[in-house]
4 protein chains.
Amino acid sequence: MPPGKNWTMEDFRLDPSRPLYEQFTEQIRTMIAKGELEPGTRLPSVRETASSLRVNPTTVMKTYQELERQALLVTYRGQGTFVTREEAAIDRSRKELARTAVNQLKETAKSLGLTPEQLWALALEE
Amino acid sequence: MPPGKNWTMEDFRLDPSRPLYEQFTEQIRTMIAKGELEPGTRLPSVRETASSLRVNPTTVMKTYQELERQALLVTYRGQGTFVTREEAAIDRSRKELARTAVNQLKETAKSLGLTPEQLWALALEE
Amino acid sequence: MPPGKNWTMEDFRLDPSRPLYEQFTEQIRTMIAKGELEPGTRLPSVRETASSLRVNPTTVMKTYQELERQALLVTYRGQGTFVTREEAAIDRSRKELARTAVNQLKETAKSLGLTPEQLWALALEE
Amino acid sequence: MPPGKNWTMEDFRLDPSRPLYEQFTEQIRTMIAKGELEPGTRLPSVRETASSLRVNPTTVMKTYQELERQALLVTYRGQGTFVTREEAAIDRSRKELARTAVNQLKETAKSLGLTPEQLWALALEE
DNA sequence: GTGGTCTAGACCACC
DNA sequence: GTGGTCTAGACCACA
């Protein structure tokens, strides 16, 4: 998303059966982790976002608040919400995403009595 | 679980913030996939399970019915619910579990612009 | 089934999710309608049938009683249960089976706003 | 049912001897297949439906969830339940209804040793 | 407001 | 005894 532009519905892949704010949170988080949203970028306002995504403003608020809690966003009163300039926070987020994914795979492997390698092989079978 | 025995609370690890029936479903599913519950084994009845796990009968039913839809359980009218003897269904389930785990990892890697190997390395850092 | 022989499990296609007695009734009924079980044939006794099919005797009883109600079987006390010699009853049964099948198709067609011919064509598409 | 209106008891033909949720499922399914309920239409809420049909909310939920599993309905959290906009799913459903009806007739014909045409003729006799 | 989960308990058909 | 359906009503998260 170029600076100054607004989100569009195509920026997100939404599954109606899961909480919207959760999906927005995850997807913005990975945009930041990947670098698509650069440090210091100003995000569209809650109201703008809500209307462009045709979503309830409280849903957007919840999203931004959650990402603030994770120290990935910072809000300056009266100016808006920005991607943090603390690269450490972003790094931490990247690692956490990676660890979660890897741990889930390890867990699944363990619960089936397999090593991660065996699980990987099983997934590729046939 | 040896045949003829009932579940106990220790058989399941429960997270109060997620639907119970979903957790039961997942955990029984992995027991079957792992072979802990052998084909043909009779599961404790809905009522027995409900009382031993201190849970409502309908919650147990929802669990059993969901597993039946996945073809992992078979119900014989008036007799009870059994682990399927169709080993193919069990195999399919094992592979599906493996694939889901692997795909999620691949997805996460891709969304961060990494290869699965790079993601794995990142998770192990520090 | 040759006279004097007993049923085996292969004589019936059973779906565990539907009442057994209902399935036995239907299938014996069509055997009679088709002529596989000829008028006057003696059916295996309730006890024999129950044990050879590994089924509860009451299930078999219910089956035979239902078929007696439909006048397809007659029981002579102390001698056993036989396929009726009243060909009229068998004919009626054949026609009823045919009518039920045809009416169901007509119903479905009507509920979709189609003629039976259109429904048939739709089923064959692609 | 025009949009914004609620169901009434006249919208459904109910047979007290069969599960209600099953009958609701079938009948809503054919309304969708027939086009009476257009893609995107919002269904009356679970509670509204429950009270207008004098039925328990969970019975309605079961109905809606079953239709969701068949991909004929979509639920948006906090907003309601809608007829899917995926016309392909609706087409598939129409064909499945047609095929089931036709196959049953073919099965019956076969089990009586007749062709479908002969069966049809038999049903019309007398 | 919406749907989703869960409880407590009745009643039924089937085996 | 078994599972299956239904009711009445509470509580929750989401929008």
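Reckoned from all heavy atoms, side chains included, excluding hydrogens, waters and symmetry mates. In what follows, every chain begins at residue 1, and chains take the letters A, B, ... in the order their sequences are listed.
You'll find the side chain of B:Leu105 stays beyond 4.5 Å of the side chain of A:Gln104, heavy atoms only.
For F:dT2, one of the phosphate oxygens OP1 or OP2 lies less than 4.0 angstrom from a side-chain nitrogen or oxygen of B:Ser45.
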Check your understanding: What does nucleotides 10-15 of chain F look like as a protein-contact string, B for base, S for sugar-phosphate only, - for none, at under 4.0 angstrom between heavy atoms?
Key -> ----BS
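The environment of CZ in D:Arg69 is crowded: more than 12 heavy-atom neighbours from other residues, nucleotides or ligands sit within 6.0 Å. Summarising the local packing, CD of D:Glu38 is surrounded by 12 or fewer heavy atoms from other residues, nucleotides or ligands at distances under 6.0 Å. In D:Glu86, the CD atom is not crowded: 12 or fewer heavy atoms of neighbouring residues, nucleotides or ligands sit closer than 6.0 Å.
Whole-Å rounding puts the C:Asp15 CG to E:dC14 C1' distance at 14 Å. Counting to the nearest Å, the P atom of F:dA8 and the CZ atom of D:Arg54 are 11 Å from each other. As a whole-Å value, the separation of D:Leu43 CG from E:dG1 P is 19 Å. Protein atom CD of B:Gln23 is 15 Å distant from nucleotide atom C1' of E:dG4, rounded to whole Å. D:Gln65 places its CD atom 7 Å from the C1' atom of E:dG4, with the value rounded to the nearest Å. Distance CZ (B:Phe82) to P (F:dG3): 9 Å, rounded to an integer number of Å. If you measure from atom CD of B:Glu68 to atom C1' of F:dG3, you get 9 Å, rounded to the nearest angstrom. Atom pair B:Leu14:CG and E:dT5:C1' shows a separation of 14 Å (rounding to whole Å applied).
Of the charged side-chain nitrogens involved, at least one lies within less than 4.0 Å of a carboxylate oxygen, so that B:Arg18 and B:Glu26 count as a salt-bridged pair. Between D:Glu96 and D:Arg29, at least one side-chain N (NZ, or NE/NH1/NH2) sits under 4.0 Å from a carboxylate O, which counts as a salt bridge.
Contact between D:Thr84 and D:Ala71 at its shortest, heavy atoms only, is CG2-O, 3.5 Å. Residues D:Ile90 and D:Ala33 share a closest heavy-atom pair of CG2-CA, 4.4 Å.
Distances from the side chain of B:Met61 to the nucleotides E:dT5, F:dT5, E:dG3 place F:dT5 closest.
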Point to revise | Stepwise salt bridge (charged side-chain N to carboxylate O under 4.0 Å, His left out) test for B:Arg94 and B:Glu87 | key: CA-CA 11 Å; B:Arg94 281 171 60 83; B:Glu87 311 255 5; over 6 Å; no
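In DNA chain E, runs of at least 3 consecutive Watson-Crick or G-U pairs, each pair with both distances below 3.5 Å, span E:1-14 with F:1-14.
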